[in-house]
Amino acid sequence: MEYDFLNEGTRTIPDTFYPVEKLQRFIHLGIVKSYAKGSAVILPGDKEYLLIYVLSGKVQINMVTEEGRQRLVYFCGKNGIMGRIFQTNNDNAYATAIEKCRVCFFSKEQLLTIFQTDCDIYFEIIKNGFSKTLYFMKQTVEMELYNPAVRIVRLLYGLCISNGIPVGDSYEVRLELSQKRISEISGVHFVTVSKVLAFLIKQKIIEKKKGKVIIHDLDRLKELTFEKRLF
DNA sequence: TCATTAAGCATCT
DNA sequence: AGATGCTTAATGA
């Protein structure tokens with residue numbers, strides 16, 4: 001299957017990144033486990049496995065500080081990988097299943113066997129890593145240059161460009177995007193997210209329905225991405 | 001301008 | 001009844 005690199009390059013939400021489908025063929029070498037929704041897949045300090053591969057469902061990766069504060073890092077869905085190759089002692093990441101899921105754990109020895117069998121996978125894993133790097137580089141710039149309210153607008157605009165499906169004169173972004181999720185992804189407070197969405201809905205620029213966001217006025221939304229501030 | 005806190009309402013399970 | 005999601009208002013940085 002040909003992968004959509006362009007879309008990957010303009011990724012707007014940190015989910016799965018570059019899927020490594022080819023790993024499917026090697027899961028018999030690793031250890032496959034199933035997890036119920038809400039259970040812990042990786043605990044802070046877990047160091048046994050270098051690569052964790054999601055076969056189905058979805059996992060959420062968080063980082064936690066010394067004081068116990070936590071922050072979403074990314075989501076990992078089907079064919080996504082959680083690379084733990086360059087772990088240090090203080091990257092307190094943990095992962096929980098946000099959907100019932102199956103994941104496969106690979107040790108260093110198992111990975112070496114896989115690379116020797118199919119070195120393409122090696123590059124696929126590197127691509128996944130760079131995809132994440134690119135996303136977080138963009139995030140750094142985004143955080144530096146735009147204020148929180150405008151970031152929400154930019155997130156919606158980006159989603160429309162990358163995932164928007166034309167329906168009549170509008171576009172639909174078919175994603176389960178609660179305000180809580182938007183808040184977690186963008187780093188903008190949930191109360192502010194609520195205000196920005198209310199503003200956009202009132203101006204009839206967007207509409208929010210169960211499981212989708214409808215963009216009625218993409219031109220206006222684009223204009224707002226250039227604004228210094230919204231309110 | 002936005003984060004924080006608090007309080008209240010609606011919907012779902 | 002409790003959890004979840006959203007809104008509004010007050011306050012402070």
Side-chain angles (χ1 to χ4, degrees), chain A residues 12-16 34-43 54 56-77 92-101 135-160 162-165 167 170-218 220-231:
Chain A
T12 40
I13 52 174
D15 193 342
T16 309
S34 293
Y35 293 90
K37 181 178 176 177
S39 54
V41 178
I42 306 170
L43 293 169
V54 175
S56 67
K58 191 164 284 192
V59 175
Q60 173 172 332
I61 294 86
N62 295 308
M63 292 196 98
V64 53
T65 65
E66 295 84 351
E67 322 105 80
R69 308 223 304 168
Q70 35 187 304
R71 169 73 160 93
L72 165 78
V73 188
Y74 64 95
F75 303 102
C76 190
N92 279 324
Y94 72 98
T96 52
I98 53 169
E99 291 169 14
K100 177 175 177 284
C101 65
Y135 174 83
F136 290 106
M137 285 196 284
K138 286 186 167 189
Q139 268 299 98
T140 306
V141 175
E142 189 78 10
M143 294 287 220
E144 180 69 30
L145 296 183
Y146 301 96
N147 75 11
V150 177
R151 286 211 303 275
I152 301 303
V153 172
R154 292 174 55 80
L155 176 67
L156 291 170
Y157 180 72
L159 278 173
C160 190
S162 59
N163 297 39
I165 300 157
V167 176
S170 308
Y171 296 88
E172 287 187 9
V173 176
R174 292 173 190 154
L175 282 175
E176 276 297 342
L177 266 187
S178 66
Q179 295 190 359
K180 184 180 182 324
R181 275 266 183 282
I182 295 175
S183 168
E184 286 171 334
I185 292 166
S186 61
V188 178
H189 196 267
F190 70 94
V191 177
T192 307
V193 174
S194 174
K195 284 175 187 161
V196 173
L197 290 186
F199 170 83
L200 294 173
I201 290 165
K202 202 170 175 183
Q203 306 237 333
K204 299 205 191 314
I205 297 168
I206 68 164
E207 190 183 342
K208 210 158 176 319
K209 289 198 175 170
K210 178 79 184 160
K212 65 183 174 187
V213 182
I214 305 168
I215 289 88
H216 288 305
D217 194 344
L218 187 59
R220 184 78 189 108
L221 192 66
K222 186 176 183 177
E223 280 173 27
L224 291 177
T225 64
F226 303 136
E227 297 290 325
K228 272 255 181 279
R229 54 169 170 266
L230 273 200
F231 311 115

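Values reported hereafter were calculated over all heavy atoms of this structure, with side chains retained and with hydrogens, waters and symmetry mates removed. The shown structure was predicted, so the numbers you read here are calculated from the model rather than taken from an experiment. Numbered from 1 within each chain, the chains take letters A, B, ... in sequence-line order.
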Q: Report, as yes or no, whether the 6.0 Å neighbourhood of atom OH on A:Tyr171 holds more than 12 heavy atoms from other residues, nucleotides or ligands.
A: no
Can you tell me how far the [atom1] atom of [X] sits from the [atom2] atom of [Y], to the nearest 0.5 Å?
| X | Y | atom1 | atom2 | result |
| --- | --- | --- | --- | --- |
| A:Lys37 | A:Ile98 | NZ | CD1 | 8.5 Å |
| A:Leu221 | A:Arg154 | CG | CZ | 11.0 Å |
| A:Leu224 | A:Ile152 | CG | CD1 | 13.0 Å |
| A:Glu172 | A:His216 | CD | NE2 | 9.0 Å |

Which whole-number value in Å describes the distance from [X] [atom1] to [N] [atom2]?
| X | N | atom1 | atom2 | result |
| --- | --- | --- | --- | --- |
| A:Lys228 | B:dC2 | NZ | P | 13 Å |
| A:Met143 | B:dA3 | CE | C1' | 14 Å |
| A:Leu197 | B:dC2 | CG | P | 14 Å |

(Q) Need to verify one output field. Residue with the more 5' nearest nucleotide on DNA chain B, A:Pro148 or A:Phe190? (A) A:Pro148
Q) When you list every nucleotide of DNA chain C with an atom under 4.0 Å from a heavy atom of chain A, which one comes first 5' to 3', and which comes last? A) C:dG5 to C:dA9
Q: Examine distances only and state if a side-chain atom of A:Ser56 and a backbone atom of A:Cys101 form a donor-acceptor pair shorter than 3.5 Å.
A: no
Q: Describe the nucleic acid contact of A:Ala198 in one word from base, sugar-phosphate, nothing, applying a heavy-atom distance below 4.0 Å.
A: nothing
Q) Which one, B:dA3, B:dT1, B:dT5, comes nearest to the side chain of A:Arg229? A) B:dT1
Q: Considering just the side-chain nitrogens and oxygens of A:Thr192, establish if one lies under 4.0 Å of OP1 or OP2 belonging to B:dA3.
A: yes
